[in-house]
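Just below is one structure, and these are the notes that go with it.
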Amino acid sequence: MFTDEDGGPDDYAEEVLALVERIPPGRVMAYGDIAEYVGGGGPRQVGSVMSSWGGGVPWWRVVRADGRPASGHEVRALSHYAAEGTPMRPGSDRVDLGRARWNGEDGP
DNA sequence: GCAATGACTGGTA
DNA sequence: TTACCAGCCATTG
């Protein structure tokens with residue numbers, strides 16, 4: 001059952017999903033960062049994985065390079081940001097990447 | 001095999 | 001700040 005058969009995530013998707021689950025609350029990662037971290041394809045591939053199986057992971061912690069959440073899900077993401085205390089940019093519904101950007105390490 | 005699409009990115013206006 | 005354009009890369013029809 002290595003084969004995903006009916007829609008199971010591929011190895012690449014598993015890495016992306018595992019990384020997204022690894023993102024601590026109050027932190028976010030950009031699509032390009034994830035693509036670079038897993039070392040595959042590009043940000044578009046990460047987005048494709050999220051649209052297919054992103055519903056099983058905290059997808060709202062994955063944002064675009066400008067700090068804006070995924071298209072069509074901005075409102076839902078904002079609710080999660082407020083609940084987790086994600087640093088937001090005042091005056092805009094965007095995340096403050098300067099503080100919320102997570103590089104994949106817990107320690108300082 | 002080719003063309004179109006997409007939860008993207010960076011640069012310029 | 002937003003808007004438009006060109007580039008990138010795997011998936012889908």
Side-chain angles (χ1 to χ4, degrees):
Chain A
M1 43 273 112
F2 289 39
T3 53
D4 3 323
E5 12 259 330
D6 16 331
D10 291 336
D11 291 346
Y12 179 75
E14 295 251 356
E15 287 189 80
V16 174
L17 297 173
L19 181 57
V20 173
E21 289 195 76
R22 213 166 119 71
I23 299 173
R27 296 267 192 242
V28 299
M29 281 187 85
Y31 291 92
D33 291 347
I34 295 173
E36 217 177 320
Y37 194 95
V38 304
R44 306 205 63 109
Q45 267 35 24
V46 176
S48 296
V49 172
M50 298 299 289
S51 75
S52 294
W53 308 294
V57 298
W59 53 263
W60 56 88
R61 289 177 192 157
V62 183
V63 298
R64 287 171 62 161
D66 57 1
R68 217 170 149 172
S71 296
H73 299 275
E74 299 103 332
V75 180
R76 222 160 265 159
L78 290 174
S79 301
H80 289 288
Y81 297 148
E84 300 194 347
T86 304
M88 306 286 301
R89 227 173 153 233
S92 297
D93 297 333
R94 292 183 299 171
V95 178
D96 186 347
L97 291 176
R99 289 194 270 224
R101 200 174 193 191
W102 187 60
N103 58 330
E105 308 205 2
D106 298 318

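In what follows, chains carry the letters A, B, and so on, assigned in the order in which the sequence lines appear, proteins first and then strands, with residues in each chain numbered from 1.
- Put simply, the side chain of A:Arg61 never gets that close to the backbone of A:Val20: no donor and acceptor are under 3.5 Å apart.
- Backbone-only engagement by A:Gly32 is indicated by non-hydrogen atom pairs under 4.0 Å involving sugar-phosphate atoms exclusively.
- Under the 30°/60° scheme for interplanar angles, the aromatic rings of A:Trp60 and A:His80 are found to lie parallel.
- Rounded to whole Å, atom P of B:dG6 lies 13 Å from atom NE2 of A:His73.
- Under a 3.5 Å cut-off, the side chain of A:Arg27 and the backbone N or O of A:Arg99 do form a donor-acceptor pair.
- Spacing between atom CD1 of A:Ile23 and atom C1' of B:dA7 amounts to 14 Å, rounded to whole angstrom units.
- Nucleic acid contact for A:Arg76: none, since no nucleic acid atom lies under 4.0 Å from a heavy atom of the residue.
- Per the geometry, CZ belonging to A:Arg64 stands 14 Å off P belonging to B:dG6, to the nearest Å.
- Rounded to an integer number of Å, the gap from CE of A:Met29 to P of B:dC8 is 16 Å.
- One atom, CG of A:Asp66, and another, C1' of B:dT9, lie 9 Å apart when rounded to the nearest Å.
- Separating the CZ atom of A:Arg68 from the C1' atom of B:dG10 is a distance of 17 Å, rounded to the nearest angstrom.
- When atom types are taken as modelled, the side chain of A:Asp66 and the backbone of A:Arg68 share a donor-acceptor pair closer than 3.5 angstrom.
- Atom CG of A:Asp33 is separated from atom P of B:dT9 by 8 Å (rounded to the nearest Å).
- Ranking B:dG10, C:dG7, B:dA7 by closeness to the A:Arg44 side chain, first place goes to C:dG7.
- In this structure, the CD atom of A:Glu36 is 12 Å from the P atom of B:dT9, given to the nearest Å.
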